[in-house]
There are 2 protein chains.
Amino acid sequence: MTSVSAFLAPEDLQASGSGPLYVKLQQALEDAIHSGRLKGGDALPPERDLAEYANISRVTVRKAVDELVRQGKLVRRHGSGTFVSRPMEKVEQSLSRLTSFTEDMARRGLSTRAEWLERGLFTPSPDEMVMLGLPAGGMVARLGRLRIADDNPLAIERASISAEFLPDPENVHTSLYAALEARNVQPVRAIQRISARTVREHEADLLDVAAGSAGLAIERISYLSSGKVVELTRSLYRGDAYDFVAELTLG
Amino acid sequence: MTSVSAFLAPEDLQASGSGPLYVKLQQALEDAIHSGRLKGGDALPPERDLAEYANISRVTVRKAVDELVRQGKLVRRHGSGTFVSRPMEKVEQSLSRLTSFTEDMARRGLSTRAEWLERGLFTPSPDEMVMLGLPAGGMVARLGRLRIADDNPLAIERASISAEFLPDPENVHTSLYAALEARNVQPVRAIQRISARTVREHEADLLDVAAGSAGLAIERISYLSSGKVVELTRSLYRGDAYDFVAELTLG
DNA sequence: GGTTAATGGTATTTTTTTGGTATTGTATTT
DNA sequence: AAATACAATACCAAAAAAATACCATTAACC
């Protein structure tokens, strides 16, 4: 929403004769935020646009914005823009579709990034050999990532894939599913197991929470139509920041 | 379908003056995908063709495509082309079978019983008034139970139902759904929200775990076909004793 | 099997947009 | 008249956007 008139009416500024211009603009902006016309994460129009629209100078606009930045209601980014602050909210993921984390977050307008914890080919653990049904001597590709949404660490995700399906894990840069699809590997069935457990110490470090706090553990196994196991992914989400939503249609 | 003009109209790009070029192209491509002009598996025209057609540089085209790849909507293959992903959505799923606690436990071969914690008509809390959409002066039926499997307390379950649908909670002895069905109240849709949180002290007592340990919190809201809210149920499962399993069918 | 054309991948540079700041003018208050 | 708050102008710096030029991989063709 970059158009000024979309959330600012002219009468908001010229009405009620007395009082400094910057105070009126400040109140108008506060009102737009509280009423929801400007939501968390939205970009404010450029200062120059605001100034032109309100027929006041840019410095006056800045003084109004300054105060709201001081109050923490707006955030400035040099060269980029000014944005409405967004308190850390719980994000949700729908169970009824198996989509990639990134796609899911993007749909909610959250910027996400990931830091690699582990990426490469390894000798499988006994656990992986059984779950993935690996042949003797087979290798396993491991992709460990720390998922970050809006600068808040949100989840630790560890995926194991048989090297048969992903011989070049180093080349996975974005979505695991995209990488698999590029190799024509398309799972058709998946089972998710959701449970709660306490966060261990080294995990707490990564997630920026206290050790022992509650985390949502999700284990997913996906299968090809042939029945072969493609992927085993174990994720641990921050309990205070993540909701899993399932929508059911009953008989 | 490799011809650009087949799915991209020139006005899609030059219209609506403001905004970066790459965003416009991105939206145009998204639109083409969602509208079905580009189907899953289709090859996108080469980046150079797109650039020439839109009169923008190839890097700008790439930036638009980059974002869609990041969202998982497109897949790149070096030296080959860029393709529309076959989305892994369209999930028909068997989540409904997960809703019945008793059935779920029976499948695991566990005998279950319940102890009543609370059962009766009450003046609704503000929370309940909002979630259930109660009329002014309306009452609410509350059913609080401690679920026990094989002599181990497993979950605390608290249900709130508008008295309109359940005026006689004292007569509920087994399943809530059976009681509702007996009154011809049949929810057709439900939303479950699953999260993890620490167990509070009075809850820990009931569940026979240490206070502060991890619990699986499930909130379920079910609706009639009319959209009316029937039931709001909040459950807290012992994190160490319960898994929530969902099976998904893709494609 | 090598050649080659077509495709995506990347590094570098230039231009445009955006917030940041110093200076000056103007009205209000003291 | 001095001091203060307010507002306008002009210029600076950072970031994003866009363009250019060149590299790497694939696949088709001979």
Side-chain angles (χ1 to χ4, degrees), chain A residues 1-4 13-14 16-27 29 42-70 73-85 111 113 151 167-168 170-175 178-179 181-184, chain B residues 1-4 13-14 16-29 42-70 73-85:
Chain A
M1 185 186 290
T2 27
S3 162
V4 184
L13 302 172
Q14 279 135 16
S16 63
S18 73
L21 287 177
Y22 79 94
V23 172
K24 289 188 210 163
L25 176 57
Q26 181 186 329
Q27 290 169 341
L29 289 175
D42 281 359
L44 224 62
E47 296 176 350
R48 288 166 178 83
D49 289 7
L50 276 173
E52 185 185 6
Y53 178 80
N55 263 316
I56 55 184
S57 93
R58 212 189 117 210
V59 188
T60 306
V61 170
R62 279 183 63 78
K63 193 155 189 182
V65 173
D66 277 344
E67 179 58 25
L68 295 175
V69 168
R70 207 187 55 77
K73 291 176 182 170
L74 296 176
V75 177
R76 280 205 170 103
R77 285 184 224 163
H78 194 164
S80 175
T82 303
F83 303 83
V84 180
S85 324
S111 72
R113 59 193 174 87
D151 284 330
D168 56 345
E170 298 292 345
N171 289 330
V172 175
H173 292 105
T174 56
S175 159
E181 175 156 357
R183 306 186 63 88
N184 269 315
Chain B
M1 185 186 291
T2 28
S3 160
V4 184
L13 303 172
Q14 280 135 16
S16 63
S18 74
L21 289 176
Y22 79 93
V23 172
K24 290 187 211 160
L25 176 57
Q26 181 187 329
Q27 290 169 340
L29 289 174
D42 281 0
L44 221 63
E47 297 174 350
R48 289 169 177 82
D49 289 7
L50 276 173
E52 186 185 7
Y53 178 79
N55 261 315
I56 55 184
S57 91
R58 208 189 120 209
V59 188
T60 306
V61 170
R62 280 183 62 78
K63 192 156 189 184
V65 174
D66 275 345
E67 178 58 24
L68 296 174
V69 168
R70 204 184 62 78
K73 291 175 182 168
L74 297 176
V75 178
R76 281 207 173 100
R77 292 184 210 173
H78 195 161
S80 173
T82 303
F83 304 83
V84 180
S85 309

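Residue numbers begin at 1 in each chain, while the letters A, B, ... track the order of the sequences. Computed from a predicted model, the values in this text were never measured in an experiment.
Closest non-hydrogen pair, Leu44(B) versus Leu50(B), comes out as CD2-CD1, 4.2 Å. The minimum heavy-atom distance linking Val75(A) with Ser85(A) is given by the pair CG2-OG, 3.5 Å. For the pair Arg48(A) and Arg58(A), the tightest heavy-atom approach, listed with the atom from each and the gap, is NH2-NH1, 3.3 Å.
For the pair Asp66(A) CG and dA5(D) P, the computed distance is 15 Å after rounding to whole Å. The distance between atom CD of Glu47(A) and atom C1' of dT9(D), rounded to the nearest whole Å, is 15 Å. Between the CD atom of Glu52(B) and the P atom of dA6(C) there is a distance of 13 Å, rounded to whole Å. In this entry the distance linking CG of Asp49(B) with C1' of dT7(C) reads 10 Å, nearest Å. With rounding to whole Å, Leu50(B) atom CG is found 11 Å from dT7(C) atom P. The interatomic distance linking Leu25(A) (CG) with dA8(D) (P) rounds to 12 Å, in whole Å.
Among Gln27(B), Lys63(B), Glu67(B), Arg62(B), the single residue meeting the side-chain contact (heavy atoms from CB on, under 4.5 Å) criterion with Tyr22(B) is Lys63(B).
Side-chain contact check for Glu47(A) versus Arg76(A): some heavy-atom pair is nearer than 4.5 Å. Thr60(B) has its side chain out of reach of Leu25(B): every pair of non-hydrogen atoms, C-beta onward, lies at least 4.5 Å apart.
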Protein-to-nucleotide contact annotation, 5' to 3' order, nucleotides 17-30 of chain D [B base; S sugar-phosphate only; - none; under 4.0 Å, heavy atom]:
SSBB---BBB----
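OP1 or OP2 of dG19(C) has not a single side-chain nitrogen or oxygen of Arg62(A) nearer than 4.0 Å.
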